[in-house]
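Here is the structure we will look at.
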Amino acid sequence: MFARNKSAPHSGGIFREYFAFSSKYLQKAGAVLLLLAPALLVVLPILILLSGSLMDTLELKGYLTTVFTDGAEFIKWKLLPDYPSFANYGKLLFETPQFFVLFWNSMKLVLCVLMGQLLVAVPAAWGFAVYQSRAGRVLFALYVVLMLLPFQVTMLSSYLVLSKLSLLNSHQAIILPAIFSTFPVFLSYGGFRGIPPQLFEAARIDGAGELMIFFRLGLPLGKSGLLSAMVLGFLEYWNLMEQLMAFLEDKALWPLSLYLPEITWGQAGFAFCASVITLIPAVFVFIFGQDYLEQGIIYSGLKE
């Protein structure tokens with residue numbers, strides 16, 4: 001009798017712990033499902049690209065006829081092709097030399113822009129972050145305002161300046177304005193501002209010069225902001241379109257971002273393959289720079 005009375009509260013505690021654990025588990029499972037739903041929407045187009053690149057022409061025609069004939073039926077699609085084929089990849093990689101020309105045009109534009117931004121934006125961000133002054137704060141505020149202006153606002157003035165410099169229809173028309181972009185200055189500034197200023201003062205007391213402080217302290221400790229600027233810069237200029245359409249006329253100078261829209265219905269499988277290959281460098285850079293990208297975004301939100 002006494003044993004049952006003593007065990008009753010203990011049993012009730014076990015049930016309460018069980019229900020508490022169950023409710024926490026259900027809440028966690030619900031949160032995971034809510035996060036998986038938008039993730040699936042993001043991943044689904046990539047899965048469609050991969051499956052479409054492995055389909056032959058007849059299978060693609062059966063799925064995409066409604067799109068190109070203005071039919072009223074719903075589109076049907078399979079993520080696993082009935083008859084997988086690598087013929088489109090073979091045609092793209094071994095029978096289309098112009099694809100590689102445009103691929104290297106993309107690489108040339110992106111690498112030149114990023115190298116130029118390292119030479120221009122990083123010292124500018126260092127000056128704004130370390131050497132504080134009223135004029136510097138006003139100039140940095142102007143930088144932020146310029147960063148908010150879309151390309152459509154500055155397109156005409158940029159076109160007139162590039163025309164006077166005889167740079168239209170050349171890669172320099174894309175590279176030079178991008179080198180002096182304000183966005184990498186803003187991100188790099190956040191990384192440098194995250195460094196305690198006491199370190200700079202201690203280095204100066206020990207006899208270190210400004211260049212030594214920049215290379216020995218600034219760059220290693222502020223690398224998160226720099227690398228995040230490089231990652232975002234690569235993603236932006238790898239997919240650039242508007243500036244290219246405004247300033248480049250010769251198709252031999254086009255990068256991949258302008259090549260893909262030119263593919264017609266008869267080359268649907270070819271377009272899927274080109275899209276997959278174009279996506280690979282961006283995904284590679286994003287995966288390996290994801291940690292630095294997150295840190296750079298955090299730094300860019302710091303208040304002075």
Side-chain angles (χ1 to χ4, degrees), residues 39-65 67-68 75 77-115 117 171 174-175 178 227-290 292-293:
L40 181 61
L41 294 177
V42 173
V43 174
L44 186 59
I46 300 176
L47 296 178
I48 293 175
L49 278 179
L50 293 173
S51 61
S53 66
L54 297 176
M55 293 181 184
D56 59 13
T57 305
L58 294 177
E59 190 173 1
L60 279 173
K61 184 177 181 180
Y63 292 139
L64 299 178
T65 299
V67 178
F68 292 95
I75 299 175
W77 194 267
K78 288 185 178 180
L79 294 180
L80 295 177
D82 293 330
Y83 306 101
S85 173
F86 290 92
N88 291 318
Y89 283 102
K91 179 181 178 182
L92 181 68
L93 297 176
F94 300 106
E95 301 178 13
T96 315
Q98 62 267 29
F99 176 82
F100 291 97
V101 174
L102 272 64
F103 180 85
W104 290 116
N105 284 341
S106 293
M107 294 298 296
K108 174 186 175 181
L109 289 174
V110 171
L111 293 178
C112 289
V113 167
L114 295 183
M115 291 175 61
Q117 288 181 350
H171 285 160
I174 309 299
I175 295 172
L227 293 176
S228 65
M230 294 300 100
V231 172
L232 288 175
F234 183 93
L235 297 176
E236 177 183 0
Y237 293 104
W238 184 259
N239 300 303
L240 199 65
M241 291 192 67
E242 293 179 334
Q243 291 88 329
L244 303 170
M245 296 177 68
F247 302 147
L248 296 182
E249 297 180 4
D250 189 358
K251 292 186 177 181
L253 300 174
W254 283 7
L256 288 178
S257 55
L258 289 186
Y259 172 69
L260 293 177
E262 290 293 310
I263 298 176
T264 59
W265 145 244
Q267 300 172 308
F270 190 72
F272 278 116
C273 293
S275 299
V276 170
I277 295 177
T278 304
L279 187 64
I280 291 175
V283 172
F284 180 83
V285 170
F286 178 79
I287 290 175
F288 282 89
Q290 185 176 6
Y292 296 111
L293 179 60

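Everything quoted here is computed from the prediction, not taken from an experiment.
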Just wondering, do V113 and F234 contact through their side chains at under 4.5 Å, heavy atoms?
no
To the nearest 0.5 Å, what is the distance between CZ (F272) and CG (L60)?
6.0 Å
Carefully, step by step, assess I277 and L93 under the rule side chain to side chain contact (heavy atoms under 4.5 Å, CB included).
CA-CA 10 Å; I277 295 177; L93 297 176; 3.7 Å; yes
Just verifying a value: how many Å separate L256 CG and L240 CG, rounded to the nearest 0.5 Å?
12.5 Å
CG-OG distance between L50 and S275, expressed to the nearest 0.5 angstrom
10.5 Å
Has L41 got more than 12 heavy atoms of other residues, nucleotides or ligands less than 6.0 Å from its CG?
yes
Using modelled atom types only, decide if a donor and an acceptor are shared between the side chain of Q117 and the backbone of A178 within a distance under 3.5 Å.
yes
Would you sort out whether M55 and W77 count as a side chain to side chain contact (heavy atoms under 4.5 Å, CB included), showing the intermediate values?
CA-CA 11 Å; M55 293 181 184; W77 194 267; 3.9 Å; yes
F284 atom CZ, neighbour heavy-atom count above 12 within 6.0 Å
no
How far does CD of Q243 sit from CD1 of I175, to the nearest 0.5 angstrom?
13.0 Å
Is a side-chain N or O of T278 found less than 3.5 angstrom from the main chain of S257, in a donor-acceptor match?
no
Between W238 and V285, is a side chain to side chain contact (heavy atoms under 4.5 Å, CB included) present by the stated rule, with each step listed?
CA-CA 11 Å; W238 184 259; V285 170; over 6 Å; no
Taking every non-hydrogen atom, the tightest pair across L54 and P81
CB-CG, 4.0 Å
Check M245 against L258 and note the closest heavy-atom contact, atom names and distance.
CG-CD2, 3.4 Å
H171 (side chain) donor-acceptor with L109 (main chain) under 3.5 angstrom:
no
Side-chain (E59) to main-chain (D82) donor-acceptor, under 3.5 angstrom
yes
What's the spacing between L49 CG and C273 SG if we round to 0.5 Å?
10.0 Å
Check for a donor-acceptor pair, side chain of S106 on one end and backbone N or O of P255 on the other, with a separation under 3.5 Å.
no
Look only at the side chain of W254 and the backbone of N105, and say whether a donor-acceptor pair between them is shorter than 3.5 Å.
no
Could you check L244, L232, I174, V110 and say which one makes a side chain to side chain contact (heavy atoms under 4.5 Å, CB included) with Y237?
V110
Let me see the working for V276 and Y89 under side chain to side chain contact (heavy atoms under 4.5 Å, CB included), right down to the final yes or no.
CA-CA 10 Å; V276 170; Y89 283 102; 3.6 Å; yes
Is it the case that atom CH2 in W104 sees more than 12 heavy atoms from other parts of the structure closer than 6.0 Å?
no
